[in-house]
Amino acid sequence: MTSTLEPQTDLTPQQRVDSWLADFESALAGRDIDRAVAMFATDSFWRDLVSFTWNIKTVEGRDDIAAMLHSQLQDADPSGFRTRETPTADGDVTSAFIEFETAAGHGTGHLRLKGEQAWTLLTALQELRGFEEAKGPSRVMGAVHGDDPDPRSWAEKRAQEDVELGRTVQPYVLVIGGGQGGIALGARLRQLRVPAIVVDRHERPGDQWRNRYKSLCLHDPVWYDHLPYLPFPQNWPVFAPKDKIGDWLEFYTRVMEVPYWPKTTCLSASYDEAAGRWTVEVDRDGERLTLHPTQLVLATGMSGKPSIPTLPGQDVFGGDQHHSSAHPGPDPYVGKRAVVIGSNNSAHDICKALYENGVDVTMVQRSSTHIVKSDSLMEIGLGDLYSERALAAGMTTEKADLTFASLPYRIMHEFQIPLYDQMRERDKDFYDRLTAAGFELDWGADGSGLFMKYLRRGSGYYIDVGACELVADGRIKLAHGQVDHLTQGSVVLSDGTELPADVVVYATGYGSMNGWAADLMGQDVADKVGKVWGLGSDTPKDPGPWEGEQRNMWKPTQQQNLWFHGGNLHQSRHYSLYLALQLKARHEGLPTPVYGLQEVHHLS
């Protein structure tokens, strides 16, 4: 049955949303997919985070929505759609935070109506029925009041667990990479009672940050960066220094009881299709061990595998040369000449620190860079969701995450372009000075700015915290072009320009995360999975076809039982939940019929 929805202009936002949800639930309960689909606008989007699709998937338009429902509705068996708070209206768009139930668990989401029809719908699984986290009213007692057949203390039980896990007890999940992504996922899995180990090659949790160049600070503000369960204290800096982040991650790992193996290197991994498990060889502080997890997560992050160019003359260069990830800071180079190859975040940070410590520094810009001033980004780009202003208006971190997640990637740029137009006008003098200095600027392929560049390619931008003024007035020297070769004491560009150098820093970014899969499992597995990250936007470094979601991130891949997890602190917090729920469901043997498994269009 198909119905035509006529606008009802006399309804309040609450009545409009309640009416839509009731009709939608009725159509789904009656398995009347035609009726349910007719409640969506012709140009509409349904983004699902695990609750219907057991995937991270956006379906676009009525035909795609119908196809998804024909496949998934019977198993999902949704019910109980309701608002979580009073909906709001802005022009002809009514917005509401919602919640609902499925056969598997409890979900939340967000709905936007245009008139009486759905424009965007987000559905996101939050917990599995019967396997909820022990929190709030259901938190563990901790102390034992009365007789206890197990006389061991909490510390003794934890010590015994540490002795057994990975030896007599195999982890169900092995997480390779113990930065913020691996730690956040480890905390989620711990709360869901999934046996897991997080392994990392560094000496201590947080060393991934401590070992970076000394001037490094987060460029994202504190409100955007909380980890699960434990938000940063209210006196935490807006932009945390890297050593402070390192200490927080180490503290977090300990108090959240994340099973964490430092000083552990993964040597190889292979999947046994018949047994349905991995064989992973590791070196744990000099001891060779073999682990047999069922699920393997590569949480090596967006900044996991340095991309280092191979150039003629690197073998004869007489000074230091290293990737930005290995940069020790400016102290060894005081009074010397540095050439930094690249013009994005790390390049600017490193150039600024070098200049401020008495180093003659030249930045080599090989292609245009998107620049946004930090204060403008905070006020215009993030202020409504992640700021003190947002908190005062009742925007919690959970609501901000759902709001941001509710914007389909297909139309997200349309929301971003006006914001970056505001920034361009607000900071016009700043950009004019940079351009006059010869710096090549861009605003993304379609003017949509930083977030879309990050989501599409993970590179090509700098959030300015001061380095641009040094470029604009010439204190950081600027050169343009590709590097042709190195000599014993210089960097030579393709136009013949010779830049004297005592140190060369390759701020040249990072490769696709499936490079780690190739190293550990072989190129055949990496090719089976395909490119990781990007949306298929057919913009520079993000080739089509359109994917609709981040390639291979936080969801099933073409390689059975192999997952990828990473991104910034916000993504580590938000998407670790959905990855953890997928892993927990499989651990408990629940049905997880995946809709829209990631296709492979590009190998790297």
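All residue numbers refer to positions in the sequence shown, counting from 1.
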Compile the donor-acceptor pairs under 3.5 Å between side chains in residues 403-410 and protein atoms, sequence neighbours left out, one pair per line.
{"unit_1": "T403", "atom_1": "OG1", "unit_2": "K399", "atom_2": "O", "d": "2.8"}
{"unit_1": "S406", "atom_1": "OG", "unit_2": "R112", "atom_2": "NH1", "d": "3.1"}
{"unit_1": "S406", "atom_1": "OG", "unit_2": "R112", "atom_2": "NH2", "d": "3.0"}
{"unit_1": "S406", "atom_1": "OG", "unit_2": "T403", "atom_2": "O", "d": "2.6"}
{"unit_1": "R410", "atom_1": "NE", "unit_2": "E60", "atom_2": "OE1", "d": "2.9"}
{"unit_1": "R410", "atom_1": "NH2", "unit_2": "E60", "atom_2": "OE1", "d": "3.1"}

Checklist entry - Who are the salt bridge (charged side-chain N to carboxylate O under 4.0 Å, His left out) partners of D421, not counting sequence neighbours? => result R424
Checklist entry - Within the distance-only criterion (no hydrogens, no angle test), does the side chain of Q571 pair as donor or acceptor with the backbone N or O of N568 below 3.5 angstrom? => result yes
Item to check | salt bridge (Lys or Arg N to Asp or Glu O under 4.0 Å) contacts touching residues 508-519 (sequence neighbours left out) | outcome: K305-D519
Checklist outcome for this item: In short, N552 meets G530 closest at the heavy-atom pair ND2-O, 3.8 Å
Item to check | Stepwise side chain to side chain contact (heavy atoms under 4.5 Å, CB included) test for Y575 and M553 | outcome: CA-CA 9 Å; Y575 289 102; M553 293 298 297; over 6 Å; no
Item to check | More than 12 heavy atoms from other groups under 6.0 Å of CD on E414 | outcome: yes
Item to check | Any donor-acceptor N/O pair, E281 side chain to L267 backbone, under 3.5 Å | outcome: no
Checklist entry - Is a side-chain donor or acceptor of R586 paired with a backbone partner of Q582 at a separation under 3.5 angstrom? => result yes
Checklist entry - Are more than 12 heavy atoms from other residues, nucleotides or ligands located less than 6.0 Å from atom CZ of R62? => result yes
Item to check | Atom pair CD1 (I98) and CG (L121), whose distance is rounded to the nearest 0.5 Å | outcome: 5.5 Å
Checklist entry - Between the side chain of D446 and the main-chain N/O of H413, is any donor-acceptor distance below 3.5 Å? => result no
Checklist entry - Heavy atoms, side chains only, cut-off 4.5 Å: are W278 and L174 in contact? => result no
Item to check | Polar side chain donor-acceptor pair, W554 to H565, under 3.5 angstrom | outcome: yes
Item to check | Where I65 and S44 come nearest, the two heavy atoms and their spacing | outcome: CD1-OG, 3.8 Å
Checklist entry - With sequence neighbours left out, which residue pairs that include part of residues 40-55 fulfil the salt bridge (Lys or Arg N to Asp or Glu O under 4.0 Å) condition? => result R47-E549
Item to check | Over all atoms of both residues, closest heavy-atom pair of I183 and P205 | outcome: CD1-CB, 4.4 Å
Checklist outcome for this item: Between P593 and D75, the two heavy atoms sitting closest are CG-OD2, 3.7 Å
Checklist entry - Taking side chain as C-beta onward, heavy atoms only, is H587 less than 4.5 Å from P195? => result yes
Next on the checklist: Would you say that W20 contacts E116 through its side chain, given a criterion of any heavy-atom pair below 4.5 Å between the two side chains?
Outcome noted: no
Checklist entry - Can you tell me how far the OG1 atom of T557 sits from the CZ atom of R551, to the nearest 0.5 Å? => result 14.5 Å
Checklist entry - With side chains defined as the heavy atoms from C-beta onward, is the minimum distance between Y420 and F451 less than 4.5 Å? => result yes
Checklist entry - So H601 and E547, side chain to side chain contact (heavy atoms under 4.5 Å, CB included) or not? Walk me through it. => result CA-CA 10 Å; H601 301 289; E547 306 279 2; 3.3 Å; yes
Next on the checklist: Quick check against the 3.5 Å criterion: does E132 have a side-chain atom that pairs as donor or acceptor with the backbone of G130?
Outcome noted: yes
Checklist entry - Any idea which heavy atoms bring G276 and N561 closest together, and the distance? => result O-ND2, 3.6 Å
Next on the checklist: With a 4.0 Å cut-off on N to O distance, would you call E398 and R84 a salt bridge?
Outcome noted: yes
Item to check | Q598 side chain to Q558 backbone, donor-acceptor under 3.5 Å | outcome: no
Item to check | Pair E101 + R82, salt bridge at N-O below 4.0 Å | outcome: yes
Checklist entry - What pairs meet the side-chain hydrogen bond (donor to acceptor under 3.5 Å, both in side chains) rule with one or both residues in residues 529-539, with sequence neighbours excluded? => result S537-T539, S537-D542
Checklist entry - Hey, mind stepping through E133 and E127 against side chain to side chain contact (heavy atoms under 4.5 Å, CB included) and telling me if it holds? => result CA-CA 8 Å; E133 294 182 9; E127 58 186 5; over 6 Å; no
Checklist entry - Are there more than 12 heavy atoms of other residues, nucleotides or ligands under 6.0 Å from atom CG of D63? => result no
Next on the checklist: Under a 3.5 Å distance rule, please check whether Y578 uses its side chain to pair with a backbone N or O of I56 as donor and acceptor.
Outcome noted: no
Item to check | R193: partners by salt bridge (charged side-chain N to carboxylate O under 4.0 Å, His left out), with sequence neighbours left out | outcome: none
Item to check | Parallel, tilted or perpendicular, as decided by the 30° and 60° cut-offs, for the rings of W46 and F40 | outcome: parallel
Checklist entry - For the atom pair CG (L111) and OG1 (T123), what is the distance rounded to the nearest 0.5 Å? => result 11.0 Å
Next on the checklist: Using only atom types and a distance under 3.5 Å, with no angle test, would you say the side chain of D92 pairs donor to acceptor with the backbone of G115?
Outcome noted: no
Checklist entry - Between F24 and F81, what is the ring plane arrangement, given parallel below 30°, perpendicular above 60°, and tilted in between? => result perpendicular
Checklist outcome for this item: Separation between CD (Q191) and CD (E257), nearest 0.5 Å, reads 7.5 Å
Checklist entry - Between N345 and Y461, is any pair of side-chain heavy atoms under 4.5 Å apart? => result yes
Checklist entry - Within 45 degrees of the axis of the six-membered ring of Y229 and under 6.0 Å from its centre: does R188 put its NZ or CZ there? => result yes
Checklist entry - Does the side chain of L49 reach to within under 4.5 Å of the side chain of L125, using non-hydrogen atoms? => result no
Checklist entry - When rounded to the nearest 0.5 angstrom, what distance separates OH in Y271 from CD in Q559? => result 7.0 Å
Item to check | Chi angles and distances behind the side chain to side chain contact (heavy atoms under 4.5 Å, CB included) call for L192, L128 | outcome: CA-CA 10 Å; L192 287 167; L128 295 167; 5.9 Å; no
Next on the checklist: If you define the side chain from C-beta out and look only at heavy atoms, does anything of P556 sit under 4.5 Å from W563?
Outcome noted: yes
Checklist entry - Is the shortest heavy-atom distance from the side chain of V198 to the side chain of L185 under 4.5 Å? => result no
Next on the checklist: Please check this pair: side chain of N514 against backbone of V532, looking for a donor-acceptor N/O pair closer than 3.5 Å.
Outcome noted: no
Checklist entry - Can you tell me how far the CG atom of L296 sits from the SG atom of C266, to the nearest 0.5 Å? => result 7.5 Å
Next on the checklist: Tell me whether S576 contacts the main-chain N or O of R573 through its side chain, where contact means a donor paired with an acceptor under 3.5 Å.
Outcome noted: yes
Checklist entry - Which of these passes side chain to side chain contact (heavy atoms under 4.5 Å, CB included) with V280: P171, S268, P293, S270? => result P293
Checklist entry - Taking everything shown except D90 itself, do over 12 heavy atoms lie less than 6.0 Å from its CG? => result no
Checklist entry - Which heavy-atom pair separates W209 from L249 by the least distance, and what is that distance? => result CD1-CD1, 3.6 Å
Checklist entry - Do the ring planes of H570 and Y386 sit parallel (below 30°), tilted (30 to 60°) or perpendicular (above 60°)? => result perpendicular
